[in-house]
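Take a look at the structure set out below.
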2 protein chains.
Amino acid sequence: MDIPRKDVHNSDTPLLCQACESRHRGVCGALTSDQLLRLSKHSTRRSVEPGTELVGESLQAKSYSNIISGVVKLSKMMADGRQQIVGLQFAPDFLGRPFRAENGVSAEAATDVKVCSFPRNVIERMIGEMPELEHKLLEQTLTELDEARDWMLTLGRKTAAEKVASFLLLISTHAFPDNEAESVAFDLPMSRVDIADFLGLTMETVSRQLTKLRKDNVIHIVNNRHVSVPDLTRLSDRAGY
Amino acid sequence: MDIPRKDVHNSDTPLLCQACESRHRGVCGALTSDQLLRLSKHSTRRSVEPGTELVGESLQAKSYSNIISGVVKLSKMMADGRQQIVGLQFAPDFLGRPFRAENGVSAEAATDVKVCSFPRNVIERMIGEMPELEHKLLEQTLTELDEARDWMLTLGRKTAAEKVASFLLLISTHAFPDNEAESVAFDLPMSRVDIADFLGLTMETVSRQLTKLRKDNVIHIVNNRHVSVPDLTRLSDRAGY
DNA sequence: CGGCTACTTGATAAATCTCAATTGTTGTGG
DNA sequence: CCACAACAATTGAGATTTATCAAGTAGCCG
């Protein structure tokens, strides 16, 4: 995106952060240059491929991350293998559960993902010292709670057709948060199986509903992943709003 | 209820709060006597009947509440009347969404409910001044998010039989948070229709699944509302855990 | 081009919903 | 205390939606 501008007045902002697309968004937006410097001493950036587990059993418990780009899926699994995706996270969301062991939620990269990670103890210390940081976290958590509850309505009360339309609408709005136009186009960040696991359906049902939307010209699909929506209002109607 | 007891050592704790069953739980646990005093100057207690709307269009936007006793259901409704209950709240939960207009969630007393309410602006000012209060809110919000995600798994992936068992288990554990015994008995806080709206089912399906659990001696029901569970492990098995 | 995987499509089965009738519970007035 | 009305819950039969199982097709990568 933006190339970092030289800024003498901010020469103490860490280089890594100057180049970060999320510098002013997400939790880092709450930090001063000094604080960023402290944090960046312990931060590491990495890019991961789709399918990489970011929180689970492996490398998670000791670190928190900011999502810089890409989509992360949060999911839960039952003993017999049934799976439910309980949330999608986009940049600049914060990844990781402060003050608590993860509650059986695992996080996995859905697309190529870039994250900036910090050790758990550094973050927790800073949270204790900086009310503003905790405030940002509360805001994000409240947003996630709203989204979770919206999705509960989708899972519990919508038909398969409405669910699939709701999913497409969700991706439309999150891919371009301030899109005002009536049409959009995007790549689906996940497979039919993942979509089914997010909607509480089977892959086949998802596929059939996509076909129906396609036949009704509500959407166009090329190469299975690329979707264009000529009229968001019509999609929204199909989603039950 | 209780008549406030005189307590010389806490003579500066407001009488109202001394008598409050939730004094040391929930968000008030974060407050000192001084702070409680300030808050209690503006607080009002009331008891409401089942069905009373606590947050919605009416008396909500300007106040927050602590639940002192009873069960509150949070729900969402679609334009055509389909309804989904997206959460249940028990004492000493905090009721109301700080820093934000309610996101289409309405709160209604499921049982007889007692609440202690505060004006919005007083709470928001205190939150700004007291990091500890915000921390408590973050903790509660994280807990609610965990519960919402657990329920998403139930809504999306469990069978009707597992859903009904999950509901009974949820009530069992929340009615007696630190029950260690293997059996419990309680009154259901809501009707079959409400249970169906919580589980994303119809009333008839809920009824049939309760009958099945009853015939299998996993539960006993008297007068439609009173349930006893002789063996929580068996119920838990039925819930898919 | 060939092989692998993801996706689509079709036929059938299973779960859940809908509609309708019946039973049970609670509260009221005599 | 009983009879009755009003409401809540159960039960049954049939319709509908979605899942399951089984091919078949398309896109992707060597």
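Order of the sequence lines sets the chain letters (A, B, ...), proteins ahead of strands, with each chain counted from 1. Given the structure is predicted, the values throughout are model-derived calculations rather than measurements.
- Distance CG (Leu210(A)) to P (dA26(D)): 17 Å, rounded to an integer number of Å.
- The shortest distance between the side-chain N/O atoms of Thr205(B) and the OP1/OP2 oxygens of dT16(C) is not below 4.0 Å.
- The stretch residues 189-203 of chain B touches DNA chain D through Ser191(B), Arg192(B), Met203(B), each having a heavy atom under 4.0 angstrom from the strand.
- For the pair Lys163(A) NZ and dT18(D) P, the computed distance is 8 Å after rounding to whole Å.
- In this structure, NZ of Lys212(B) is placed 13 Å from C1' of dT11(D), rounded to the nearest angstrom.
- In this structure the side chain of Met152(A) reaches within 4.5 angstrom of the side chain of Leu155(B), judged on heavy atoms.
- Counting to the nearest Å, the P atom of dT16(C) and the CD atom of Gln209(B) are 7 Å from each other.
- Applying the side chain to side chain donor-acceptor pair (under 3.5 Å) rule to Ser166(B) yields the partners Lys158(B); only residues at least two apart in sequence or on another chain are considered.
- Here the C1' atom of nucleotide dG27(D) and the CD1 atom of Ile221(A) are 14 Å apart, to the nearest Å.
- Screening residues 192-206 of chain A for side chain to side chain donor-acceptor pair (under 3.5 Å) gives Lys73(A)-Asp194(A), Asp197(A)-Arg157(B), Thr202(A)-Thr205(A) as the qualifying pairs, with residues at least two apart or on separate chains.
- A salt bridge is defined here as a Lys NZ or Arg NE, NH1 or NH2 lying under 4.0 Å from an Asp or Glu carboxylate O, and Asp216(B) with Arg234(B) fails to meet this definition.
- A salt bridge does not link Arg149(A) with Glu144(A): none of the charged nitrogens is closer than 4.0 Å to a carboxylate oxygen.
- Residues from residues 72-81 of chain A placing a heavy atom under 4.0 Å of any atom in DNA chain C do not occur.
- Both Lys215(B) and Thr159(A) sit near DNA chain D, but only Lys215(B) has its closest nucleotide nearer the 5' end.
- At least one donor-acceptor pair under 3.5 Å links the side chain of Gln84(A) to the backbone N or O of Phe198(A).
- For DNA chain C, the stems formed by at least three consecutive Watson-Crick or G-U pairs, with both atom-pair distances below 3.5 Å, span C:1-30 with D:1-30.
- The distance between atom CZ of Arg225(B) and atom P of dT10(D), rounded to the nearest whole Å, is 11 Å.
- In this structure, CZ of Arg214(A) is placed 6 Å from P of dT9(C), rounded to the nearest angstrom.
- Counting heavy atoms from C-beta outward, Phe186(B) and Ile171(B) have side chains that approach closer than 4.5 Å.
- The shortest distance between side-chain heavy atoms of Asn223(B) and His226(B) does not fall below 4.5 Å.
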Every protein N/O lying under 3.5 Å from an N/O of nucleotides 19-26 of chain C:
residue, atom, partner, partner atom, Å
dC19(C), N4, Glu204(B), OE2, 3.0

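- Between Phe94(B) and Tyr64(B), the angle of the ring planes lies from 30° to 60°, which puts this pair in the tilted group.
- For the pair Glu49(B) and Lys114(B), the salt-bridge criterion is not met [side-chain N within less than 4.0 Å of a carboxylate O].
- Rounded to whole Å, the distance from CD1 on Ile219(B) to P on dA9(D) is 14 Å.
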